[in-house]
Amino acid sequence: MFNTSPIARLEDLQNEYDYIIVGGGTAGCVLANRLSSNDQVTVLVVEAGTSDNGWLSRNPYFSFHHASSGHQSHVTGSVPQRHADNRTFNLVRGRTLGGTSKINAALYARGIPAEYNEWSRNGCIGWSYGEIEKYFVRAETALDYAERDAPHYHGSKGEWTNRSSASPAWIQTPHARKEVILTAGPLASPLILLLSGIGPAAHLKERGAPMLRDLPGVGSHLQDHFGMPVRCSIPLKDSMVQLMLSTWALLLYVVQYLIYGTGPFFAPEVAVLIQSRLFNSTFTFVTAKPEDEDADLPENIPDIELIPVAWADPRWCMEENTGGFTINASTLHVESVGTVRLASLDPQDDPVVDLNYLAATSDRELARKLVKVTKRFIDCVVEDGYPLQLSEPYPDFEDDEAMDAFVRQKCTTRFHYTSSCRMAPEEQEGVVDERLRVYGVSRLRVADASVIPRCPAAHPAAVVVMIAEKCAEMVKEDNGETLF
Ligand SMILES: Cc1cc2nc3c(=O)[nH]c(=O)nc-3n(C[C@H](O)[C@H](O)[C@H](O)COP(=O)(O)OP(=O)(O)OC[C@H]3O[C@@H](n4cnc5c(N)ncnc54)[C@H](O)[C@@H]3O)c2cc1C
């Protein structure tokens, strides 16, 4: 299928295209598909990475960065993190047609309406949930909801079903003069703007970069969820580690995936999004009231998340002769803000990335809650009679210092970098307006995870696809083209 995709050799490129999309990733592929729906319109997608679309690269488990050879990924080291024991973090992103959606964990979580209503309240006119829901629906074919069950909420005709549709499904015909749209992702889009002379004047001057437009927000509001992987042991028969020890189990699950499209190779992880305020002081869950379930109320935006996965370092499992189980405990609401800056003027060089994890006091407080909720989760499973065992030292609930030290030492990226070219009023260091146009530069938009106003209480891929869908519609409107 991929062989029929329009990949042009450099010498075959035309001199002019209507639209040039820089970055054929999650957002770029969606935009390319939508903008090229009119045969008269020419679209060039410039992608820095590979174009692998083999079976392994489409399987959600085997193509996941941590389970693959990493040939579709690019890893940038962060600067040492002051509030995390000066550790550096490996910031992974996809470098392939389809982008990070080709190597991510394929978890789909849109977030709740209150999230987007906040965007709208903060000046992003046209982005309230009621106004953007249709873009989520347009993009997806929900696999686990029959259309009749949630016809307004889930789509049944979109291109996005699972990993297999991440790139080829979106780009169908060879289809760039009217606009340039940056979709190179949250680390590369600000880098490209900075290299082009669009960014904070002092930084551009310091690096000897040309100055086209002083835009202090470029690369200045980077955010990311951070989390703590907590390792436990479970019986080997319940752990995916058995797949490495038993050929029969491996074959069984491969056959299950091939025939039914289900099982651990399809969806190895589940995510539980939680409102931490619903725990009382002893960290037992308080029964939710009906108003706690109102998705329109900002206080109901979840702020933490647990992702249990029946997997841990196989070497450790073998040494301990046990099955591995990891609870990826993660924050969903972060206040700390970091930066993407130029290391040099060489476009091949990675940017200098400082996530500034745990800089905000509120993030450290939330991290403590997360540590406690995770322990409660483990206790509840044990109380229910399941042999789950915490397999590493855990800090005392009463000892804030020990808890903070645990977090500093264990915290890790959740790979949800966003907001490095955020949509916000320019006086609030926004980079793009509500139509995703870069302030002060004509015919240039940004439409990827970098424009998300703040790191959402969601998994960003769904949000990115929604943004690309809406961007395509706005580009068409602004250029007098027929809508869908
Ligand atoms: C390991 C991992 C697991 C994740 N798991 C999940 C998950 O389960 N669910 C979820 O919702 N989100 C997940 N995410 C995050 C999510 O996938 C990303 O936020 C989202 O895909 C970003 O989309 P994007 O379009 O902004 O950027 P990308 O998809 O990264 O696309 C950017 C594209 O631009 C290209 N590019 C970069 N520089 C240039 C250049 N100079 N010229 C041309 N092309 C360039 C890149 O090669 C890439 O293809 C995960 C991320 C990682 C790394």
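For ligands, and for the atoms within them, numbers begin at 1 and follow the listed sequence. Since the structure is predicted, the reported quantities are computational estimates derived from the model, not experimental observations.
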Going from CG on Asp214 to OH on Tyr439, what distance comes out if it is rounded to the nearest 0.5 angstrom?
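One gets 14.5 Å once the value is rounded to the nearest 0.5 Å.
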Just to be sure I read this right, does ligand 1 sit under 4.0 Å from the backbone of Thr183, its side chain, both, or neither, counting only heavy atoms?
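It is the backbone that touches ligand 1; the side chain stays farther off.
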Ionic contact status for Lys178 with Glu481, cut-off 4.0 Å:
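Here Glu481 pairs with Lys178 in a salt bridge, since their nearest N and O are under 4.0 Å apart.
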What's the shortest distance from atom 31 (O) of ligand 1 to any protein heavy atom, and which residue and atom give it?
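Looking only at protein heavy atoms, the one closest to atom 31 (O) of ligand 1 is Gly25 CA, 3.2 Å.
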Heavy-atom pairs closer than 4.0 Å: do any link ligand 1 to the side chain of Pro347, the backbone, both, or neither?
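Neither; no heavy atom under 4.0 Å.
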Students should be able to answer this: which protein heavy-atom is nearest to atom 17 (O) of ligand 1, and at what distance?
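In this structure, atom 17 (O) of ligand 1 has Asn104 ND2, 2.9 Å as its nearest protein heavy atom.
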For Ala27, is at least one N or O under 3.5 Å away from an N or O on ligand 1?
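Indeed, backbone or side chain, Ala27 has an N or O that close.
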Return the residue, atom name and 0.1 Å-rounded distance of the protein heavy atom closest to atom 20 (C) of ligand 1.
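Checking every protein heavy atom, the shortest distance to atom 20 (C) of ligand 1 gives Thr26 OG1, 3.8 Å.
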Region of Thr96 that comes within reach of ligand 1 [heavy atoms, distance under 4.0 Å]
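Backbone only; the side chain of Thr96 stays clear of ligand 1.
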Assess whether a salt bridge exists between Glu118 and Arg454, defined as any Lys/Arg side-chain N lying under 4.0 Å from an Asp/Glu carboxylate O.
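Judged by the 4.0 Å cut-off on N to carboxylate O distance, Glu118 and Arg454 do not form a salt bridge.
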Pairwise side-chain contact, Tyr108 with Glu140, heavy-atom cut-off 4.5 Å (strictly under):
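They are in contact (side-chain heavy atoms under 4.5 Å apart), so the answer is yes.
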If you measure every N or O of His65 against every N or O of ligand 1, does any of those distances drop under 3.5 Å?
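His65 vs ligand 1: no N/O contact under 3.5 Å.
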Do the side chains of Arg414 and Ile307 get nearer than 4.5 Å, heavy atoms only?
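They are in contact (side-chain heavy atoms under 4.5 Å apart), so the answer is yes.
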Would you check whether Phe64 has a nitrogen or oxygen atom less than 3.5 angstrom from a nitrogen or oxygen atom of ligand 1?
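Looking only at distances, the answer is no, because the N/O contact criterion of under 3.5 Å is not met.
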Salt bridge (Lys or Arg N to Asp or Glu O under 4.0 Å) between Asp313 and Arg315, intermediate numbers included
CA-CA 6 Å; Asp313 180 354; Arg315 275 172 309 183; 3.5 Å; yes
Could you check atom 26 (O) of ligand 1 against the protein and tell me its nearest heavy-atom contact, residue, atom and distance included?
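The answer is Ala449 N, 2.9 Å.
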Return the residue, atom name and 0.1 Å-rounded distance of the protein heavy atom closest to atom 39 (C) of ligand 1.
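Nearest protein contact, heavy atoms only, for atom 39 (C) of ligand 1 is Ala48 CB, 3.8 Å.
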Considering only the protein, which heavy-atom contact is closest to atom 11 (O) of ligand 1, and what is its distance?
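Atom 11 (O) of ligand 1 sits closest to the protein heavy atom Ala461 N, 2.8 Å.
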Mind telling me whether His416 and His225 have parallel, tilted or perpendicular rings, with 30° and 60° as the class edges?
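Because their plane-to-plane angle is over 60°, the rings of His225 and His416 count as perpendicular.
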Between Thr100 and ligand 1, is there a nitrogen or oxygen pair with a distance under 3.5 Å?
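Yes, Thr100 has an N/O under 3.5 Å of an N/O on ligand 1.
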Taking atom OH of Tyr129 and atom CZ of Arg110, what is their separation to the nearest 0.5 Å?
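One finds 4.0 Å between OH of Tyr129 and CZ of Arg110.
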Do any N/O atoms on Tyr108 end up under 3.5 angstrom from N/O atoms on ligand 1?
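No.
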Protein heavy atom at shortest distance from atom 8 (O) of ligand 1
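I find the closest protein heavy atom is Leu107 N, 2.8 Å.
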Would you check the N or O atoms of Pro186, main chain and side chain alike, for any that come under 3.5 Å of an N or O of ligand 1?
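It does not: no N or O of Pro186 is found under 3.5 Å from an N or O of ligand 1.
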Does the residue Ser101 have a heavy-atom contact with ligand 1, meaning some pair of atoms that are separated by less than 4.0 Å?
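True for this residue.
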Between Arg138 and Glu473, is there a side-chain N and carboxylate O pair less than 4.0 Å apart?
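A salt bridge links Arg138 with Glu473.
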Considering non-hydrogen atoms of the protein only, which is the closest contact for atom 15 (C) of ligand 1, and what is the distance?
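Result for atom 15 (C) of ligand 1: Phe415 O, 3.7 Å.
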Ligand-side contact atoms (ligand 1) for residue partner Gly23, heavy atom cut-off under 4.0 Å:
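Here the atoms of ligand 1 in question are 34 (O), 35 (C), 44 (N).
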Heavy-atom distances under 4.0 Å are what count here, so tell me which part of Ala188 touches ligand 1: side chain, backbone, both or neither.
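Within the 4.0 Å criterion, Ala188 contacts ligand 1 through side-chain atoms alone.
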